[in-house]
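Chain A is the first sequence line, chain B the second, and so forth, proteins listed ahead of strands; every chain is numbered from 1.
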Amino acid sequence: MRGLSSQQSDASVIRASVARPQAFAGLFDRHAREIWRYACRRAGAAAADEIVSETFLRAFARRAGYDAAHADARPWLYGIATNVLREQARDHARQHREIGGGEVGDDELDRVEARADAAARAPATVAALARLVPADRDTLLLHALTDLSYEEIAAATDVPVGTVRSRLNRARRLLREALGAENEGSTR
Amino acid sequence: MTADLELGRVREAYPDTEEPSAERLAALRATLLREIGAPAPRRRRRPLVALAVAVAAAVGAIAVVAPRSPQGPTAAETRTILRGVAAGVAVPPGAVLHVAYSSTQTFSTGPATRSRVEFWQAAAPPYGARSISSIPGRPITETAVTDGRLQLYDPRRDTIYTRPSPPPYTVRPAGAGHYRLSPGGAATITISAAELRALRDGRDTIVWTDPQHPSVVPFSSLVQQPLDIRATALALLRSPHPQVRRGVRFAGRPALEISGAGRIPGSRDSYYVAPRTYRPLGVVHHFTGETVTVRFTVYRRLPGTAANRRLVTLPGAHPRARIDTTAAGYSAAAKRLFGGP
């Protein structure tokens with residue numbers, strides 16, 4: 001990004017973008033690839049475009065309120081992306097119910113495809129994840145699919161770090177139980 | 001089971017296998033800048049040179065001088081949109097384009113034909129494409145073009161049939177950057193230098209609509225019916241005055257429409273993309289009483305791994321299939337599978 005040093009923190013870039021909106025592209029250049037890969041793993045490649053687009057637009061709209069104490073903006077962006085993923089999944093499920101399972105949009109197809117891919121690879125894991133409450137599932141997926149620390153996941157999901165630990169413990173226990181039952185069932 | 005094993009199971013279910021292409025990120029970045037109302041920053045040299053090369057390779061020069069229509073974007077906005085759309089169509093060298101679509105072909109004189117097609121296409125030498133096509137009431141067909149030669153797959157016999165090599169053609173200069181090809185018999189074709197280049201490097205191939213009228217077409221058109229999607233989109237972007245309309249809908253979704261002269265003289269095409277991401281949604285092709293509407297259900301670029309390259313060829317997709325290269329075998333298979341000669 002012209003005029004933005006790679007030495008500058010994300011917080012500095014975000015602060016600069018309040019006066020100069022185009023500076024926000026610097027944040028995109030630093031983190032879009034990583035956020036895209038996270039979105040792609042969860043929702044498929046084509047849906048990832050929309051999720052990244054929406055994530056950075058929301059981040060831009062909220063940039064003035066960004067807490068400059070967090071030099072690294074990745075937890076903030078992962079948190080927004082996770083909310084976008086959850087909202088879009090909810091919207092798609094609602095639309096699908098309203099249209100009675102008729103014509104399905106492309107994004108829905110992408111999601112179905114991504115879920116089908118995941119289910120084909122690891123059906124028991126996907127079924128077990130589907131039974132978790134959304135907050136526990138999102139926390140577990142942030143932990144498993146990104147390199148965020150517990151503290152960063154806490155910042156991403158806007159909860160105390162103790163809550164992250166308890167969500168992860170609960171999610172892991174339920175996953176362990178479900179997969180253990182699956183293993184027992186498959187060996188009988 | 002330890003915690004690491006649980007996380008391993010989750011990562012196995014959601015593997016990290018795909019990278020966004022530079023063009024894809026550039027299109028998203030351009031969209032972001034447009035949406036936030038920021039003037040486009042001066043281009044950074046290294047990444048955008050790479051992007052420009054990829055896009056230019058895909059679409060050629062896009063020189064747009066589009067006057068602003070009452071409901072249309074400005075000329076500058078149109079240029080930005082077309083650059084984004086071009087980036088959306090561009091396939092990085094080595095990558096594999098994977099597309100699935102449903103199409104409806106309507107005629108002024110008869111009933112409509114519906115079909116579903118899924119194809120995989122290599123975007124760098126060795127060029128190739130494989131396609132699975134289904135039309136209601138007919139058997140599913142699977143074809144491919146490899147090294148410029150058409151192949152058919154018969155699932156009942158688990159056999160791949162290869163069309164015999166055409167006779168070699170001769171080339172003579174025909175003046176003003178054109179060449180005359182004699183691909184056999186008395187028939188000749190006059191083609192441009194660019195077409196000759198494409199023919200030689202395998203992007204185009206010669207087909208005979210009848211024995212006296214050979215023509216040079218993109219190899220991909222042999223396996224994408226009724227419309228060669230990517231060639232159609234590229235021709236539209238290269239056309240002299242493509243028009244952009246916002247606020248339209250395609251298959252019930254908000255869309256940008258790019259319309260203009262089609263690849264076939266006298267035809268008119270409209271190409272629809274998602275407004276923010278320029279993700280391809282569909283194509284509508286009009287030509288003398290015929291309309292083809294294509295709606296994409298999958299449009300993605302796969303990294304050029306060995307596994308993905310195998311998707312492009314019939315032997316790759318059916319590694320245990322027998323291969324029959326005889327003219328008689330091909331002819332009989334074509335008759336069985338397509339009912340044709």
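In this structure, the side chain of B:Arg11 engages the main chain of A:Ala144 through a donor-acceptor pair within 3.5 Å. In this structure a side-chain-to-backbone donor-acceptor pair under 3.5 Å is present from A:Arg33 to B:Pro20. In this structure a side-chain-to-backbone donor-acceptor pair under 3.5 Å is missing from B:Arg9 to A:Thr125.
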Check your understanding: Do B:Leu7 and A:Arg172 pass the side chain to side chain contact (heavy atoms under 4.5 Å, CB included) test, and can you show the C-alpha distance, the side-chain angles, and the key distance before you say yes or no?
Key -> CA-CA 8 Å; B:Leu7 294 178; A:Arg172 280 173 164 170; 3.5 Å; yes
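Of all the heavy atoms in A:Asp29 and B:Arg29, the pair that sits closest is OD1-NE, 2.6 Å. The heavy-atom pair separating B:Glu19 from A:Trp36 by the smallest distance is C-CZ3, 3.7 Å. In this structure, A:Asp49 and B:Leu28 approach most closely via the heavy-atom pair O-CD2, 3.6 Å.
Atom CZ of A:Arg170 has more than 12 neighbouring heavy atoms from other residues, nucleotides or ligands inside a 6.0 Å radius. By the neighbour-count criterion of 12 heavy atoms within 6.0 Å, atom CZ of B:Arg114 is sparsely surrounded, having that number or fewer from other residues, nucleotides or ligands.
Here the OH atom belonging to B:Tyr14 is positioned 12.5 Å from the SG atom belonging to A:Cys40, to the nearest 0.5 angstrom.
Contact of A:Phe56 with chain B is made through backbone and side chain together, with heavy-atom distances under 4.5 Å. Proximity to chain B involves both the backbone and the side chain of A:Leu57, based on heavy atoms less than 4.5 angstrom apart.
Inter-residue side-chain proximity for A:Val52 and B:Leu25 is flagged as unmet; no heavy-atom pair is nearer than 4.5 Å.
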